Every structure is written in C-alpha cells, then in structure tokens.
Amino acid sequence: MNETHNHSMHEGNKSHNDNHMHDHHNGHHLKDQSRVIPTWKFQESPKDGRKERLFIQLNDANGKAIETLQLSHEKMMHVIIVSKDLSYFDHVHPEYEGNGRFHVDIEFQNGGEYKLIADFVIEHSGPMLINHWVTVRGDVTTEKPLKADTDLTKVVKNKMISLSFDELKHAHEVTITFTILDSKTKQPILDLEPYLGAIGHVVAISEGAQHYLHIHPINETTKGPEAKFITTFPASGLYKLWGQFLHHGTLITVPFTIQVPYSQQHHEETNRIIH
C-alpha cells in the first residue's frame, strides 16, 4: 500500500494563505504556511470567453523567491479552479519559469466569482496550499444551489461510474470507492492508465468553497475496476467531489455531490477531552 495524502484546507482570509493543512497519513498539522507569501496576477483583468494568463509568484516572508520546489504527482504545481457555486471545475498545471514564478492560461466560461487553489510541495516543508478569489467580468449565470445527489452512479464518456463509502460521517476516516464499468457492456474496466502518477485523483470541496481536500488513492498502481481513497471530512455538510481517471488516453472527470453527516460520537469524544 502506498502512502496516502489528504490535503485539507480551511478558509481564513479570502485573499491570503490557508494556515490549516492536515497530513492525513501522519495525523499531524504541518508547519504554519504564513511564511509563503503568494502574489496572484492576471496579465489583464479577467473576462469570460477568452484565455487569461495568470502569474503566481511564491516568495518567503523576507520577500525572497522560493526555489526549493519539488515535483508532486509529476507536476510542480496543481491549481484547482471552481466557481463559487461549484458548478464549474478545472484542474490545471502551471508552467514553472524559475525563481518561484509560475504561469498558466485559464479560460473562464462565465463571469462571476471563482476560487483558485494552488497545491505544491516545498523541500523540507512538505505540501502547501494557497488560495485566491477572483471576480471575472462577463455574463454571470444564476448560482445553482448545491444539492446532494440521490443517485451515486453516473455515465461519463461511456463509463458507468459508481461512488460508495464504508461509513460516511465527518471527523472520521472514510474509505471512498469509485467503481468503473463500460456503460454499454457493463463489463468492469481493468486497464485504467496512470493519471499524474496514480490510478486517479479526487478533489472534494465543501459548499461555499470553504474546505478543500485533495485526496490520493490507497493503491496507486491498481488498474480498476475499483479505485479506493481514504480521507477525513473536517466538517459535516454538503461537499462536491470530482474523481479524475484516465482510460485509453481520455481523461474522465466525474462529479458527485454528497451530504456528510454530523458525527455525534466525535462531538461527545471532544467534549470528554475538553472537560
């Protein structure tokens, strides 16, 4: 079994870093990330329907460029882009220019508010997360209220993908299982290809884009039909999950919206510790 990583982010200041990140596997909080000072800058004021170049500069607290970056799942940086209502999702990989500077081209489909979440690793410091809200000019669509899916099976790109859990509740370790079949023959898919060095990746974001989880698989080398992941949801409530898998060179992104129940047991255990 390979090491499992669960990167969790809790929203503080909208325009600054997140200082709460949890390494699921080791069960401890990583060092305060306030020493990473990011600068987010678009080449032009972002507008819908055209490619916008985003620059991300990583400096330390003394203003010096951070250059001790490491590859994480084959990339120097992963950026997740979501609309405020979570109806839009993208996962992109900025190009590293050196001297702590990255750039990436993003095309926003509509105007409105979007959250950008950058995920990277600094040598001797471990995984890092920073986030930034941006307002995009253009036609703003009506926000769609988030609702839990009643059916946890979806068909995407000729694949029938089902989502299941061992026991779903907040503050407890949860095993997430994606089962992938051919939608026409109903036969199991047994030849998934590695996507960014693993069988798949899962991103989970809570309603309002407050909590962020980038979840990696338990076994990175399996080829299907099941892909299992472990995580801990930091709070109860609605979450949207996006599972990403690669089959015959085609990237499959499947979204699910789930309701994570509140754990009374965790509440009682916490009270016992406090009192």
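All of these numbers come straight from a predicted model, not from anything done at the bench.
Looking at Thr232 and Glu173, their side chains never bring a donor and an acceptor atom within 3.5 Å of each other. No side-chain donor-acceptor contact under 3.5 Å links Glu193 and His248. A donor-acceptor contact closer than 3.5 angstrom is absent between the side chains of His78 and His73. Defined by atom type and a distance below 3.5 Å, a donor-acceptor pair is present between the side-chain atoms of Asn219 and Thr221.
Surrounding NZ of Lys186 are more than 12 heavy atoms belonging to other residues, nucleotides or ligands, all under 6.0 Å away. Atom CG of Asp166 has more than 12 neighbouring heavy atoms from other residues, nucleotides or ligands inside a 6.0 Å radius. Residue-environment remark: CD (Glu123) exceeds the threshold of 12 foreign heavy atoms within 6.0 Å.
Between Lys115 and Ala209, the shortest heavy-atom contact is NZ-O, 2.7 Å. The minimum heavy-atom distance linking Leu251 with Lys157 is given by the pair O-NZ, 2.9 Å. The heavy-atom pair separating Pro217 from Ala198 by the smallest distance is CG-CB, 3.8 Å. Nearest heavy-atom pair, Lys154 versus Pro255, reported as atom, atom and distance to 0.1 Å: NZ-O, 2.7 Å. Scanning all heavy atoms of the two residues, the minimum distance from Asn99 to Tyr96 falls at N-OH, 3.4 Å. Across all their heavy atoms, Met128 and Val36 have their closest contact at SD-CG2, 4.1 Å.
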task: Tell me, with the steps shown, if His170 and His172 meet ring-ring contact (aromatic ring centres under 6.0 Å, His included).
output: CA-CA 5 Å; His170 101 281; His172 282 262; 7.6 Å; no
- request: Could you check Asn59 against Gln57 for side-chain hydrogen bond (donor to acceptor under 3.5 Å, both in side chains), going step by step and ending with a plain yes or no?
  value: CA-CA 6 Å; Asn59 290 344; Gln57 175 69 47; 3.0 Å; yes
message: Checking Thr253 against Gln244 for the side-chain hydrogen bond (donor to acceptor under 3.5 Å, both in side chains) test, could you report, in this order, the C-alpha distance in whole Å, the side-chain angles of both residues, the deciding distance, and whether it holds?
response: CA-CA 5 Å; Thr253 300; Gln244 294 194 289; 3.0 Å; yes
task: Begin from the C-alpha positions of Phe233 and Tyr239 and carry the test ring-ring contact (aromatic ring centres under 6.0 Å, His included) through to its verdict.
output: CA-CA 9 Å; Phe233 291 96; Tyr239 286 78; 4.9 Å; yes
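A salt bridge is defined here as a Lys NZ or Arg NE, NH1 or NH2 lying under 4.0 Å from an Asp or Glu carboxylate O, and Lys223 with Asp191 fails to meet this definition.
When each of Phe42, Phe108, Trp133 is tested with Tyr114 by the rule ring pair (Phe, Tyr, Trp, His ring centres under 6.0 Å), just one qualifies, namely Phe108.
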